[in-house]
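A, B, ... follow the sequence lines: proteins, then strands. Residue 1 opens every chain.
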Protein chains: 2
Amino acid sequence: MSRHVELVQSLRQAGHRLTPQRESVLAVVAASDRHLTAEEIIARVRQRYPYLNKSAVYRSLDLLTQLGLVTQTDLGHGHVEYELHNHPHHHHLICRHCKDVRQIDHAAFVSLEKKIENDFGFQAELDHFAIFGTCKKCQPRAKIAKSRASATR
Amino acid sequence: MSRHVELVQSLRQAGHRLTPQRESVLAVVAASDRHLTAEEIIARVRQRYPYLNKSAVYRSLDLLTQLGLVTQTDLGHGHVEYELHNHPHHHHLICRHCKDVRQIDHAAFVSLEKKIENDFGFQAELDHFAIFGTCKKCQPRAKIAKSRASATR
DNA sequence: CTCCTTTTTGCAACTGGTTGCAATTAGTAA
DNA sequence: TTACTAATTGCAACCAGTTGCAAAAAGGAG
């Protein structure tokens, strides 16, 4: 059974209808091996299904996210990026100053995830996290303001 | 020296100009003891300074965030919330299903923060984190789709 | 197949936030 | 105090994403 068919079944089993719109959004996301923006998804979907409305795409993506089939990440590029939720887990460190993005793998997050589960019974989606901050290179630039601000903490 | 004056000095020392617009945005944020939306900030600022343009407010808030004086958080309410960066650290667990938000304190994050600093020299702003996921109450509802999706991981 | 109910779509208007650019102004220096 | 220049503002157009609602269609029952 292909990955795609499987995903469609997840949808149906959670009590949602399978419409051609949803089907094609899912197919496009499943066929990509990297982040896609909503704009890219809409363009690809329209190659097969030209009259699809953007709000149906956004609504499908939100639903797929709720079902845990897709992840949404804000990498600070001014839009959200979407991805099938089955690639090796990783996260992103994003510098507020130079906008540089670097990857970090999931290992560092496992203990936090477990703690949240134990303490609150909350299943955190720590699958694709965007962490903002200051990278090594930019730290000198931010230092003056920081040191003042922290004086009263 | 008041908190407000201190913040103004941080601005100046980082090489930025003190304009009446920035001054009043900073004053409004500093005077509040809770999250404010951009809309609330604009409304309050205009009580003193009626013609202030919204883009100046957004630009001031972004600058203050870069300087580490203000935090921005997306709590899934459809807009960002702003707060002075000197309240006791806490984070939020947000359920994707019922939209419930609950607080969690910073202690759970300290080791992650240190690991990121050691491994990458990256100063993460883990001060006001929004973690999406599924709360205890909603887990049964999401379970069917999840179990299928994870079969191929 | 046909009917029915409920979900989903399409649409157009809207929202929060951003951008490019010309006009203005803070800070500095003479 | 005046003049200068780089930083900042105001504006209007724009962008990504959302919403309310009427029309369409999926899935189920008979």
Side-chain angles (χ1 to χ4, degrees), chain A residues 8-26 29 35-46 48-67 70-82 96 99 130 132 141 145, chain B residues 8-26 35-46 48-67 70 72-82 96 99 130 132 141 145:
Chain A
V8 165
Q9 292 198 351
S10 309
L11 242 195
R12 305 284 317 272
Q13 291 200 14
H16 300 280
R17 293 183 182 173
L18 180 63
T19 63
Q21 290 88 333
R22 275 181 190 164
E23 209 285 314
S24 43
V25 168
L26 192 43
V29 177
H35 298 158
L36 293 176
T37 65
E39 201 180 359
E40 289 171 318
I41 293 171
I42 291 171
R44 292 179 189 203
V45 164
R46 284 189 175 152
R48 311 189 195 175
Y49 196 88
Y51 300 116
L52 194 110
N53 191 271
K54 66 172 177 166
S55 40
V57 174
Y58 283 113
R59 285 191 277 229
S60 299
L61 290 169
D62 286 348
L63 177 65
L64 296 172
T65 304
Q66 266 202 5
L67 294 175
V70 162
T71 58
Q72 301 191 9
T73 319
D74 175 0
L75 259 25
H77 297 151
H79 50 71
V80 174
E81 304 189 10
Y82 302 86
R96 284 218 196 263
K99 312 292 181 193
F132 291 83
R141 238 209 293 167
Chain B
V8 165
Q9 292 198 353
S10 309
L11 240 195
R12 305 284 317 272
Q13 290 199 16
H16 300 281
R17 292 184 181 171
L18 180 63
T19 63
Q21 291 88 332
R22 275 180 189 164
E23 209 284 315
S24 42
V25 168
L26 192 43
H35 300 157
L36 293 175
T37 65
E39 201 180 359
E40 288 172 318
I41 293 171
I42 292 171
R44 290 180 191 202
V45 164
R46 284 190 176 151
R48 312 190 195 173
Y49 196 89
Y51 301 117
L52 193 109
N53 191 272
K54 65 173 177 166
S55 40
V57 173
Y58 283 112
R59 284 190 278 231
S60 298
L61 289 169
D62 286 348
L63 177 65
L64 296 172
T65 303
Q66 265 202 6
L67 294 175
V70 162
Q72 301 191 10
T73 318
D74 175 359
L75 259 24
H77 296 150
H79 50 70
V80 175
E81 303 190 9
Y82 302 86
R96 284 219 196 262
K99 313 293 183 192
F132 290 84
R141 237 208 295 167

Q: Rounded to the nearest Å, what distance is computed from the CG atom of residue D74(B) to the P atom of nucleotide dG17(C)?
A: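 That distance rounds to 9 Å.
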Q: Whole-Å distance between dG16(C) C1' and Q72(B) CD?
A: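 Going from Q72(B) (CD) to dG16(C) (C1'), I get 13 Å.
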Q: According to a strict under-4.0 Å criterion, is T19(A) in side-chain N/O contact with OP1 or OP2 of dT9(C)?
A: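 So the side-chain polar atoms of T19(A) do come within 4.0 Å of the phosphate oxygens OP1 or OP2 of dT9(C), strictly under.
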Q: Between dT9(D), dG10(C), dA16(D), spot the one nearest the side chain of R22(B), thanks.
A: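 Between dT9(D), dG10(C), dA16(D), the one nearest the side chain of R22(B) would be dT9(D).
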Q: Counting only side-chain heavy atoms from C-beta out, which of dA26(D), dG10(C), dA12(D) sits nearest to P20(A)?
A: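 So the side chain of P20(A) is nearest to dA26(D).
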Q: In whole Å, what is the span from the CG atom of L18(B) to the C1' atom of dG27(C)?
A: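 Rounded to the whole Å, the gap is 11 Å.
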Q: To the nearest 0.5 Å, tell me how far L26(B) CG sits from L61(B) CG.
A: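 Atom-to-atom, L26(B):CG and L61(B):CG are 9.5 Å apart.
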Q: Taking all non-hydrogen atoms of both residues, which atom of R17(A) and which atom of R22(A) are closest, and how far apart?
A: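 Looking at all heavy atoms of both residues, the closest pair is O-NH1, 2.7 Å.
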Q: Distance check needed: dG16(C) P versus L36(B) CG, whole Å only.
A: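 Atom CG in L36(B) sits about 15 Å away from atom P in dG16(C).
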Q: Just how far, in rounded Å, is P of dT8(D) from OH of Y51(B)?
A: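 In whole Å, dT8(D) P and Y51(B) OH are 25 Å from each other.
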Q: May I have the distance from E40(B) (atom CD) to dT15(C) (atom P), rounded to whole angstrom?
A: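 These atoms are roughly 17 Å apart.
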Q: Does T37(A) reach a base, just sugar-phosphate, or nothing at all? Heavy atoms under 4.0 Å.
A: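 Nothing: the residue T37(A), judged by heavy atoms under 4.0 Å, touches no strand.
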Q: When only distance counts, do a donor and an acceptor, one from the side chain of R59(B) and one from the base of dG17(C), lie under 3.5 Å apart?
A: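 Result: no qualifying N/O pair found.
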Q: Check V57(B) against L52(B) and note the closest heavy-atom contact, atom names and distance.
A: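 That closest heavy-atom pairing would be CG2-CD2, 2.8 Å.
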Q: Which comes earlier along DNA chain C counting from the 5' end, the contact point of S60(A) or that of E81(B), where each point is its nearest nucleotide?
A: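 By nearest-heavy-atom nucleotide position, the 5'-most residue is S60(A).
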Q: Using only heavy-atom distances, decide whether a donor-acceptor pair under 3.5 angstrom links the side-chain of R17(A) to the base of dT6(C).
A: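 Counting by modelled atom types and ignoring angles, a donor-acceptor contact under 3.5 Å is found here.
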Q: H35(B) and side chain to side chain donor-acceptor pair (under 3.5 Å): which single residue from Q72(B), E81(B), H77(B) fits?
A: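 Passing option: E81(B).
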Q: For the pair made of CD1 in I41(B) and C1' in dG17(C), what is the distance, rounded to whole Å?
A: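 So the CD1-C1' distance, I41(B) to dG17(C), works out to 13 Å.
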Q: Examine dT18(D): is either OP1 or OP2 under 4.0 Å from a nitrogen or oxygen in the side chain of Y58(A)? Give yes or no.
A: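 Indeed not, no polar side-chain atom of Y58(A) lies that close.
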Q: For the base of dG17(D), is there a side-chain donor-acceptor partner from K54(A) under 3.5 Å away?
A: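 Indeed there is one.
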Q: Whole-Å distance between dA16(D) P and Y82(A) OH?
A: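 Between P of dA16(D) and OH of Y82(A): 11 Å.
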Q: Which residue lies toward the 5' end of DNA chain C, H16(B) or N53(B), if each is placed at its nearest nucleotide?
A: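 Here N53(B) is the residue nearer the 5' end.
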Q: Quiz question: going by heavy-atom distance under 3.5 Å, is there a donor-acceptor pair between the base of dG27(D) and the side chain of R12(A)?
A: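 When only heavy-atom distances are counted, R12(A) does not reach the base of dG27(D) through any donor-acceptor pair under 3.5 Å.
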Q: Can you see if the side chain of Q21(A) gets near the phosphate of dA26(D) - specifically, an N or O under 4.0 Å from OP1 or OP2?
A: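 The answer is no; no side-chain N or O of Q21(A) sits under 4.0 Å from OP1 or OP2.
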Q: What distance separates L64(B) CG from S10(B) OG, expressed to the nearest 0.5 Å?
A: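 That separation rounds to 9.5 Å.
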